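Heads up, the thing below is written out as structure tokens.
Because the structure is predicted, anything quoted here is derived from the model rather than measured. As a basis for the values below, the full set of heavy atoms in this structure was taken, side chains included, without hydrogen atoms, waters or symmetry mates.
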Amino acid sequence: MTGSAGPLSLSQIEAQVLAVLDRASEARVIAIQARTQAAWPDTINLSGRPFRLRWCASPLMAREALSALEDVPDDQASPGLILLTPLSARDLGGDVVARLARAQVFQPDAWGMVQQLFTAREIDARLGRFRWMAHLLVERAGMGAYPPVPNGFLDMDTAWHHILGRCLSLDASKPDAAMLLNWSLGADSAGHFDDLSEQAKPQIAAWLGESAGAVGTLVMRCVTAGNTQDAVPLGLVCGVVLSAQGEGVHELAAAAIRLERFMGDKRIGIAEGRLWAADAAKCLQALTPALRHAVVERAEWLLRELHVDAYAHLSDVLPLGLEQRLGFFADALKAFIAEPSTAQIQGIERAADAVARHAHADAASTRMLRVKMAVRLCRWMMADRPANKGRGGRAATTFVDLAQGYAREGAFVDWARFKLIGGDDLPGLSAAFVALRDAARKEAEAFNQTFAQALQVWNREPRAAAACMPVEAIIERVLAPLAQQTPVLLLVADGLSYSIFRELCEDLEALGWDEKVAGPTPTLAVGVAALPTITEVSRASLLSGRLMIGAAAQEKTAFATHPALVAASRAGTAPVVFHKGELADAEGLSSTVRDAIASTQQQVVAVVYNAVDDHLSGSNQIQVRWSIDDLRLLGPLLSEARRARRVVIVTADHGHVIDDGTVQRGQGDGDRWRLPSGTPDAGELLFEGGRVKTPAGNAVVCACSERVRHGAKKNGYHGGVSAQEVVVPLSVFTPRNRVLKGWQMAPAPQPDWWAPLEFALPAAAADTPSLARKAAKPGLLAVPQPDLFGGALPVVAPEPEVHWIAALQATPVYVAQKALAARVAPADDEVRCLLEALAARGGKLSKAALAQRLGMPAMRISGFVNAAKRVLNVDQAAVLSLDETAATVELNRELLVRQFRMTVR
């Protein structure tokens with residue numbers, strides 16, 4: 001192979017000289033044929049020797065160069081000479097040729113030079129068709145020496161690896177699509193490709209396209225069309241233009257044609273374009289934030305250029321797509337609020353799912369939390385409509401029923417609606433949230449009016465009961481009996497509303513705490529604040545065990561001397577309560593508090609935690625997400641209690657209402673209460689006797705509407721008689737797996753509508769599996785094997801009267817699976833309940849909803865489902881699946897039918 005018609009590069013000259021010196025190390029004059037002259041240096045050093053470079057266009061110039069070589073003084077080493085000439089040996093003359101190395105003019109052999117550069121004895125014959133590659137390898141030798149090839153053989157992959165590495169900065173012989181997409185975003189990538197010869201470009205593009213598959217081919221079309229840095233943005237655009245959901249849309253079809261101009265006027269296949277979109281989306285995830293922003297901006301600009309930016313919602317990765325999906329979600333909310341219906345709920349669920357699937361929809365973000373809470377409120381509004389009444393018998397009318405109803409459902413409504421405060425970046429979605437909050441607040445206001453009136457009646461003759469415990473009875477009825485059998489920590493969170501308590505419970509479960517309820521029949525216990533619902537009355541009454549007004553000093557004395565607590569305590573260690581100023585020191589949680597909780601002699605410890613109450617007077621510019629990590633000192637308190645194996649009783653003196661459009665009405669003695677004077681206004685009620693305690697007597701006027709306040713605007717208020725202020729948590733928690741006599745695991749607390757809405761299959765569904773019962777031979781476990789050759793396997797004729805779950809459990813496969821699972825296998829009744837619960841909701845439930853339906857603690861669901869998978873997932877097929885990230889359990893009934901060889905009726 002001869003050199004190209006252009007001038008020899010210095011790298012080619014050096015490679016040729018080294019090849020000659022390898023065979024004739026003492027050569028002084030080396031002649032190399034060069035078509036044209038170039039700007040070469042006068043001298044180079046090779047193999048430790050200097051060589052002069054001389055261009056000799058005629059025999060005379062060659063003789064002059066040789067003569068000059070002889071004029072070197074005797075005391076100096078004679079340099080070598082490299083003659084670069086367009087002449088052949090015959091043209092130079094015999095006298096000149098006689099003085100040349102090997103008596104010849106060397107023809108530049110690019111592959112021979114490459115062989116020398118790689119110390120190779122042999123070169124892959126397939127490389128012969130890439131003539132340009134040899135020249136590139138020689139030219140790029142100046143970037144550093146090539147490593148000797150193993151076994152002296154330069155193969156195809158090695159040659160391509162060095163070509164791509166030194167010419168395009170691609171560190172692979174066969175880059176995949178992901179590598180090509182990342183490479184395309186480099187600032188120098190387009191320039192590197194443009195610097196290649198016109199002969200090299202198409203063959204390099206073809207090689208890369210072949211190695212990276214269909215996506216690689218599309219990327220290289222962008223590169224050769226001069227749109228290198230658009231390879232990733234164009235892939236994202238394909239995710240919209242060629243989306244499966246957009247099939248048949250005229251505007252998208254037209255955009256697909258317009259897209260061809262970025263690809264060298266070549267068509268993009270639908271399947272290939274979708275693969276490109278998927279790979280571009282993956283590439284986007286790995287980019288730096290700044291580069292990711294630039295790429296998505298370019299992609300969205302391209303959508304506008306193609307006149308299809310209105311379809312950005314078809315993309316799972318473009319921010320504009322998320323904004324549009326949120327806009328659709330807002331429209332669905334407004335339609336539901338205007339005319340609530342099951343169909344509208346389904347539309348909301350679909351819109352919310354579309355938002356959640358978007359890559360920018362961070363599940364942990366406040367924005368997505370609001371979306372989730374808005375959907376929950378809509379489910380609640382449908383579940384609470386008259387057409388859906390009768391879930392559990394008679395309507396709640398007594399105060400105890402109403403208080404229990406608030407704890408079981410109303411608190412979750414408040415949790416959801418208060419999270420919508422603050423709105424969204426999109427004005428349309430903010431407006432939808434406001435409308436939804438208003439609709440929910442109307443029902444909450446009506447409930448609070450009924451609740452307050454029932455409280456008036458109950459307050460005349462209050463009773464302490466397990467289901468509804470006055471705060472002043474908590475020590476006598478709950479704390480002291482528990483302290484008789486185990487060390488306890490009473491955690492009084494001042495101002496803790498029931499909705500915030502349920503939010504914190506998610507963290508408690510994750511931190512290894514089990515919620516317990518007393519008695520053989522699980523009974524949810526709640527506390528009832530004293531009136532007015534203020535710290536001076538309710539907290540003092542709680543910690544003293546009797547209705548009173550007091551402060552921290554009186555609380556300490558009363559708690560330490562309470563007869564029931566003293567009786568439960570060890571001699572010499574009186575019950576102790578720590579208030580706000582005693583909890584912290586320079587190292588965080590006070591060592592005094594740590595020592596008291598850790599002490600085996602200290603049977604009863606109480607802590608008053610004020611973070612919630614303090615927040616009510618704080619800034620309303622901060623959106624609070626209540627978590628144990630974010631509540632200073634609460635985490636260390638619980639950690640110390642868990643290490644000491646203490647039982648923790650969580651309660652509060654009163655709750656609070658959030659400021660959400662409240663109206664100041666007159667002056668009061670507190671934020672939401674006043675001493676009697678005149679007729680109570682709308683939204684107020686008069687309470688006398690019973691559990692009322694004020695400095696002026698036992699009568700007080702309290703606000704029952706959450707929109708009324710007497711004082712200045714704050715984050716929240718208390719003192720009134722809304723359910724949010726009166727009903728407080730009273731829950732017992734034990735360290736994981738701690739047995740507590742007389743107590744059992746509490747069922748999952750969430751109402752049905754809290755979980756994702758799954759619609760049940762029709763009653764006469766066509767896919768109901770059934771199988772005739774057939775007794776297996778004793779001692780044999782017949783496990784059918786799959787037909788490796790695709791033949792149909794025999795199935796047992798159906799028996800119409802057999803229920804599909806009974807039919808399943810009668811199959812030989814099920815019997816065999818139970819035997820394999822051995823003691824891990826759940827009982828048949830438990831599997832039946834699991835399958836019925838899932839089938840009733842279309843095959844999918846959240847862990848919390850499943851726990852509710854099975855009457856099982858939420859923390860045990862994962863273990864139970866995993867045990868059931870051992871039976872139902874034949875050969876690890878995903879008949880039953882548990883998604884811990886989404887906290888959902890799903891049943892694939894079609895796969896169940898196939899795996900257990902059941903016929904479908």
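We find that E339 and K334 are not joined by a salt bridge, their nearest charged nitrogen and carboxylate oxygen being 4.0 Å or further apart. A salt bridge is absent between D883 and K844; no separation between the charged side-chain nitrogens and carboxylate oxygens falls under 4.0 Å. Ion pairing between R274 and E247 holds under the 4.0 Å rule for side-chain N and carboxylate O.
Listed for the Q817 side chain is a donor-acceptor partner under 3.5 Å among the backbone atoms of R870. In this structure a side-chain-to-backbone donor-acceptor pair under 3.5 Å is present from R642 to L511. Under a 3.5 Å cut-off, the side chain of R370 and the backbone N or O of K419 do form a donor-acceptor pair. Formation of a donor-acceptor pair under 3.5 Å by the R376 side chain with backbone atoms of F412 is not found in this model. Looking only at distances, a side-chain donor or acceptor of N448 sits under 3.5 Å from a matching main-chain atom of A723. A donor-acceptor contact shorter than 3.5 Å is absent between the side chain of D629 and the backbone of G635. Between the side chain of E890 and the backbone N or O of L845, no donor-acceptor pair lies under 3.5 Å.
Counting heavy atoms from C-beta on, the side chains of Q744 and K516 never come closer than 4.5 Å. Residues F336 and S341 have side chains not in contact (no heavy-atom distance under 4.5 Å, counting atoms from C-beta outward). In this structure the side chain of L491 never reaches within 4.5 angstrom of the side chain of T651, judged on heavy atoms. In this structure, the side chains of W513 and T734 stay at 4.5 Å or more apart for every pair of heavy atoms. The side-chain heavy atoms of R379 and W754, taken from C-beta on, include no pair separated by under 4.5 Å. Residues Y406 and V413 fail the side-chain proximity criterion, which asks for heavy atoms closer than 4.5 Å. In this structure, L333 and V375 have side chains that are not in contact, with every pair of non-hydrogen atoms separated by 4.5 Å or more. L808 is listed as a side-chain neighbour of L896, based on a closest heavy-atom distance under 4.5 Å.
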Next on the checklist: Evaluate N866 against L882 for side chain to side chain contact (heavy atoms under 4.5 Å, CB included), listing each step before the verdict.
Outcome noted: CA-CA 8 Å; N866 284 326; L882 171 63; 3.9 Å; yes
Item to check | Criterion salt bridge (Lys or Arg N to Asp or Glu O under 4.0 Å) on R367 and D362, from CA distance to verdict | outcome: CA-CA 8 Å; R367 183 178 229 182; D362 180 5; over 6 Å; no
Checklist entry - Can you list the steps and then say if Q485 with V647 is a side chain to side chain contact (heavy atoms under 4.5 Å, CB included)? => result CA-CA 10 Å; Q485 64 168 305; V647 170; over 6 Å; no
Next on the checklist: Set out, in order, the CA-CA distance, both residues' side-chain angles and the distance that settles side chain to side chain contact (heavy atoms under 4.5 Å, CB included) for T397 and T450, then state yes or no.
Outcome noted: CA-CA 8 Å; T397 55; T450 303; over 6 Å; no
Next on the checklist: Walk me through whether L850 and L834 qualify under side chain to side chain contact (heavy atoms under 4.5 Å, CB included).
Outcome noted: CA-CA 8 Å; L850 183 59; L834 170 65; 3.7 Å; yes
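Within 6.0 Å of CZ on R736 lie more than 12 heavy atoms contributed by other residues, nucleotides or ligands. A 6.0 Å sphere centred on CD of E884 holds more than 12 heavy atoms belonging to other residues, nucleotides or ligands. Within 6.0 Å of the NZ atom in K372, the count of heavy atoms belonging to other residues, nucleotides or ligands does not exceed 12. A 6.0 Å sphere centred on CD1 of I628 holds more than 12 heavy atoms belonging to other residues, nucleotides or ligands.
Cation-pi contact between R417 and W380: absent, since separation from the ring centre below 6.0 Å together with deviation from the ring axis within 45° is not met.
With hydrogens and angles left out, the side-chain atoms of S862 and K847 include a donor and acceptor closer than 3.5 Å. With 3.5 Å as the limit, one finds no donor-acceptor pair spanning the side chains of Y498 and D414. Side-chain contact annotation: E515 with S731, donor-acceptor N/O pair under 3.5 Å present. T486 and R645 form no side-chain donor-acceptor contact under 3.5 Å, judged by distance and modelled atom types alone. The closest side-chain donor-acceptor pair between Q899 and N873, if any, does not fall under 3.5 angstrom.
Here the CZ atom belonging to F329 is positioned 9.0 Å from the CD atom belonging to E349, to the nearest 0.5 angstrom. Rounding to the nearest 0.5 angstrom, the gap separating the CG atom in N892 from the CG atom in L880 is 10.0 Å. With values rounded to the nearest 0.5 angstrom, I348 atom CD1 is found 8.0 Å from L436 atom CG. The distance from atom CZ of F733 to atom CG of L508, rounded to the nearest 0.5 Å, is 5.0 Å. Annotation: the span from W753 atom CH2 to E409 atom CD amounts to 6.0 Å, rounded to 0.5 Å. Going from atom CG of L322 over to atom CZ of R357 covers 12.0 Å, rounded to the nearest 0.5 Å.
Ring geometry for F451 versus F399: interplanar angle of 30 to 60°, hence tilted. Note on ring orientation: taking the six-membered ring where Trp is involved, the planes of Y814 and F900 are tilted (angle from 30° to 60°).
Considering all non-hydrogen atoms of both residues, A332 and A351 come closest at CB-CB, 4.5 Å. Residues Q344 and A335 share a closest heavy-atom pair of OE1-CB, 3.7 Å. Here the shortest heavy-atom pairing between L895 and A877 reads CD2-CB, 4.0 Å. The shortest heavy-atom contact between A439 and M381 is CB-CE, 3.6 Å. Nearest heavy atoms, A755 versus S846: CB-OG, 3.1 Å. In this structure, F447 and L402 approach most closely via the heavy-atom pair CZ-O, 3.5 Å.
Partner H313 forms a side-chain hydrogen bond (donor to acceptor under 3.5 Å, both in side chains) with one of Q324, Q245, H358 and no other, that one being Q324.
Residues W415 and W626 keep their aromatic ring centres 6.0 Å or farther apart.
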